[in-house]
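When reading the values below, keep in mind they use all heavy atoms of this one structure, side chains included, and skip hydrogens, waters and symmetry mates. One-based numbering, in listed order, for ligands and for the atoms of each.
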Amino acid sequence: MRPTGPPPIDWEGILERLARCYGTGDWRVPYLRDHAVDPFQVLIGTILSQRTRDANTDRAARALFERYPDAAALAAAPLGEIERRIRPVGFYRTKARNVRECARRLLAASGGRVPETLEALAALPGVGPKTANCVLVFGFGLPGVPVDTHVHRIANRLGAVRTPTPEATEAELRRTLPRVYWNPLNPLLVQHGQNLCRPRDPLCDRCPIAALCATGRARADGRPTPRPEDRRPAVPPPRRRRAKR
Ligand code: SF4
């Protein structure tokens, strides 16, 4: 008897088509392009980037690292001065406290050296699973699965996971996604989420991976999609005009 159910996820095909669509250049946001040589700056920059637009993260990271480029400098910085420099980012007061505390703890524990394990990174203030994974991938070039809202949403739309939170998506992808795809996953899905696979109204009719995506196939066939919020036809029907009375 033939097996039934959805076809397995063709990660090779998905990532290859997305790389062709968005290019295989440097996808990193500016603060990572400029500071990725230094794991400390990747760590601090990624904390600053949480719930913040890339352009604002870049401005704040530049202003901060210009004066406080390493753990020793940042650990001794006055809080008000850190706040002033990172003001473009959201929650700058909380982040100022967190980045200085990070610097102080790293200085005390290891002379300012950033740890290379998920567990040790996630124990630092302001560092959640996504930030810890970003440091592994972008700071050290180690395998990691940074899952932000784009990766979480698209992995569910693809049918690769069925998970309620980014944390659950990360756990599921770590279990099921072949390791060779871990590091390219985040930059490509983030690009895709910002361009075609938007939070609302994904542009499935223009998507290069629609044939490999559970949502793309379902919408094309008029079937239910994996995420209830995507259960609208890919091309909405034309509006009916009201008859004149
Ligand atoms: S087909 Fe639609 S839902 Fe699937 S990845 Fe493309 S844009 Fe996103």
Using a strict 4.0 Å cut-off to heavy atoms of [X], name the atoms of ligand 1 that fall inside it.
X    : result
T215 : 3 (S)
R157 : 3 (S)
A210 : 1 (S)
I209 : 5 (S)

Q. Can you tell me how far the CH2 atom of W11 sits from the CG atom of L185, to the nearest 0.5 Å?
A.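 Here the rounded value is 5.5 Å.
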**Q.** Residue among T52, I86, T46 satisfying side-chain contact (heavy atoms from CB on, under 4.5 Å) with T57
**A.** T52
**Q.** Check ion pair D230-R157 (N to O, under 4.0 angstrom)
**A.** yes
Q: Nearest heavy atom to atom 7 (S) of ligand 1 wins, so pick from C213, A155, C207.
A: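 Nearest option to atom 7 (S) of ligand 1, by heavy atoms: C207.
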Q: Check H192 against ligand 1 and report side chain, backbone, both or neither, counting heavy atoms closer than 4.0 Å.
A: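 For H192, only side-chain atoms sit under 4.0 Å from ligand 1.
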Q: Indicate yes or no for a side-chain donor-acceptor contact from N156 to the backbone of T163 under 3.5 Å, with no hydrogens or angles considered.
A: yes
Q. Who's the nearest protein heavy-atom neighbour of atom 8 (Fe) of ligand 1, and how far?
A. C197 SG, 2.4 Å
**Q.** Heteroatom N/O/S of C204 within less than 2.8 Å of atom 6 (Fe) of ligand 1
**A.** no
